[in-house]
2 protein chains.
Amino acid sequence: MVLLGRYVIRLSKLTDYAVVMLSYMAAREGEVYTTARLAQRSAVPEPTAAKILKSLARGSILVSQRGSNGGYELARPAAEITVAEIIVALDGPIALAACVEGSSDHCGVEQLCSMRGNWNRVNRAIRDALEDITLADMAVPFVAPAVVETRPEQGLR
Amino acid sequence: MVLLGRYVIRLSKLTDYAVVMLSYMAAREGEVYTTARLAQRSAVPEPTAAKILKSLARGSILVSQRGSNGGYELARPAAEITVAEIIVALDGPIALAACVEGSSDHCGVEQLCSMRGNWNRVNRAIRDALEDITLADMAVPFVAPAVVETRPEQGLR
DNA sequence: TCTAAAGAGGACTGATTTGGTCCTATTGGG
DNA sequence: CCCAATAGGACCAAATCAGTCCTCTTTAGA
């Protein structure tokens, strides 16, 4: 067994939700959004939305403001937030078999290990691709935020 | 819920094993390898190895020969087998939220759906990256196959 | 033509992992 | 102080995965 239980990259549901919420926030930068509001607008159940937002804050993608009148705000302009960061914030490092540069784990079979190191190339290729795509790119079709505003919630799927 | 239960790409343990086995086979193209032999050499339990090899054959990465003296052989030169193909053979399509080009699924919330379509860009970037890396690239460090030959099996991890 | 060696295919199971919920702090404005 | 928010975990049910096994088919060769 060699992989550390994480995939090179998993784009989980949570990540998808996160992008939806972040895109919504990107429509008006500088504004502070509460969990409740974001949950409604993105049709994600509130507790789950809360969990996602906390992770994003921990990942320095959002800045949180506690107390009343609190909420979340993009930590940076959307064009400076990469998809890679979002994924990392929610699913952990974009990552990685053992036998990978920097890893202290060791598979014990040297010959295999050296070969496996070549996943590095794959990892890097994917990381590079994801670091090139920003939240601003993802949010582009949000041309008419006003329209979205008028659509409260609705069951997904 | 929007993701179809599959990740954009999962590099599972099975995939890792597969690459190990395939690299071994790439050392001498044209040779036919039995499941038992490949399992031994790659330190993967035989039933599991068998499962992987069957999947690779179904994915046209290996050609199988049944009956006695049978076994598996690379379907093409290693330089023509991409990492993308290997992943697809084992984990299914590199893929994909609903609301993605070609998908017939529909999330029901148009505004969200249109935005989610932008995962396409991510999907494409990753697919491109993976289609650029071949088995030959992954197998490179196998400079001295003879050495590997003399190391039967050993517990991993 | 029979036998044994090999793969094909699929059912099944135990263990992880995920998504999702909830409860108890902590923070801060009015 | 009180209420509105977030922080941070613990926790659970359901889905998924790795791994095993059993039966069937194919084929070489004695």
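Remember, predicted model here, so these are calculated numbers, not experimental data. Reminder, nothing fancy here: chain letters follow the sequence lines and each chain counts from 1.
In terms of polar N and O atoms assigned as donor or acceptor, the side chain of Lys54(A) comes within less than 3.5 Å of the base of dG8(D) in a complementary pairing.
Listed pair Asn69(B) / dG29(D) meets the phosphate criterion, a side-chain N or O lying under 4.0 Å from OP1 or OP2. The side chain of Thr35(B) contributes no N or O atom lying less than 4.0 Å from OP1 or OP2 of dA6(C). Taking 4.0 angstrom as the limit, Arg58(A) places a side-chain polar atom (N or O) nearer than this to OP1 or OP2 of dG8(D). Within the structure, a side-chain polar atom (N or O) of Tyr72(B) is placed less than 4.0 Å from OP1 or OP2 of dA8(C).
When the nucleotides dG7(C), dG29(C), dG9(C) are ranked by their closest atom to the side chain of Gln65(A), dG29(C) comes out on top. For Ser64(A), the listed nucleotide lying nearest its side chain is dT6(D); candidates were dT6(D), dT20(D), dG29(C).
The distance from atom CG of Asp16(B) to atom C1' of dG19(D) is 16 Å, rounded to the nearest whole Å. Computed from coordinates, the Tyr33(A) OH to dT6(D) C1' distance equals 18 Å when rounded to whole Å. Distance CD (Glu46(B)) to C1' (dC22(D)): 15 Å, rounded to an integer number of Å. The CG atom of Leu53(A) sits 17 Å away from the P atom of dG9(D) (whole-angstrom rounding). Atom CG of Leu14(A) and atom P of dT21(C) are 11 Å apart (whole Å). The CG atom of Asp91(A) sits 7 Å away from the P atom of dG19(C) (whole-angstrom rounding). Rounded to whole Å, the distance from OH on Tyr17(B) to P on dT20(D) is 9 Å. Note: CZ (Arg37(A)) to P (dT6(D)) measures 12 Å, nearest angstrom.
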Carefully, step by step, assess Glu131(A) and Asp128(A) under the rule side-chain contact (heavy atoms from CB on, under 4.5 Å). CA-CA 5 Å; Glu131(A) 281 169 359; Asp128(A) 289 349; 4.3 Å; yes
**OP:** Output, in order, the C-alpha distance, side-chain angles, deciding distance and verdict of side-chain contact (heavy atoms from CB on, under 4.5 Å) for Ile86(A) and Leu130(A).
**Re:** CA-CA 10 Å; Ile86(A) 299 172; Leu130(A) 292 175; over 6 Å; no
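Along DNA chain C, the nucleotide nearest Ser68(B) and the nucleotide nearest Arg66(A) are compared for position; the residue whose nucleotide lies closer to the 5' end is Ser68(B). Where Thr34(B) and Lys51(B) meet DNA chain C, the nucleotide closest to each residue was compared, and Thr34(B) sits on the side nearer the 5' end.
Each of Leu56(A), Val63(A), Thr35(A) was evaluated against Tyr72(A); a single residue qualifies, Thr35(A), per the side chain to side chain contact (heavy atoms under 4.5 Å, CB included) test.
With values rounded to the nearest 0.5 angstrom, Leu53(B) atom CG is found 5.5 Å from Leu38(B) atom CG.
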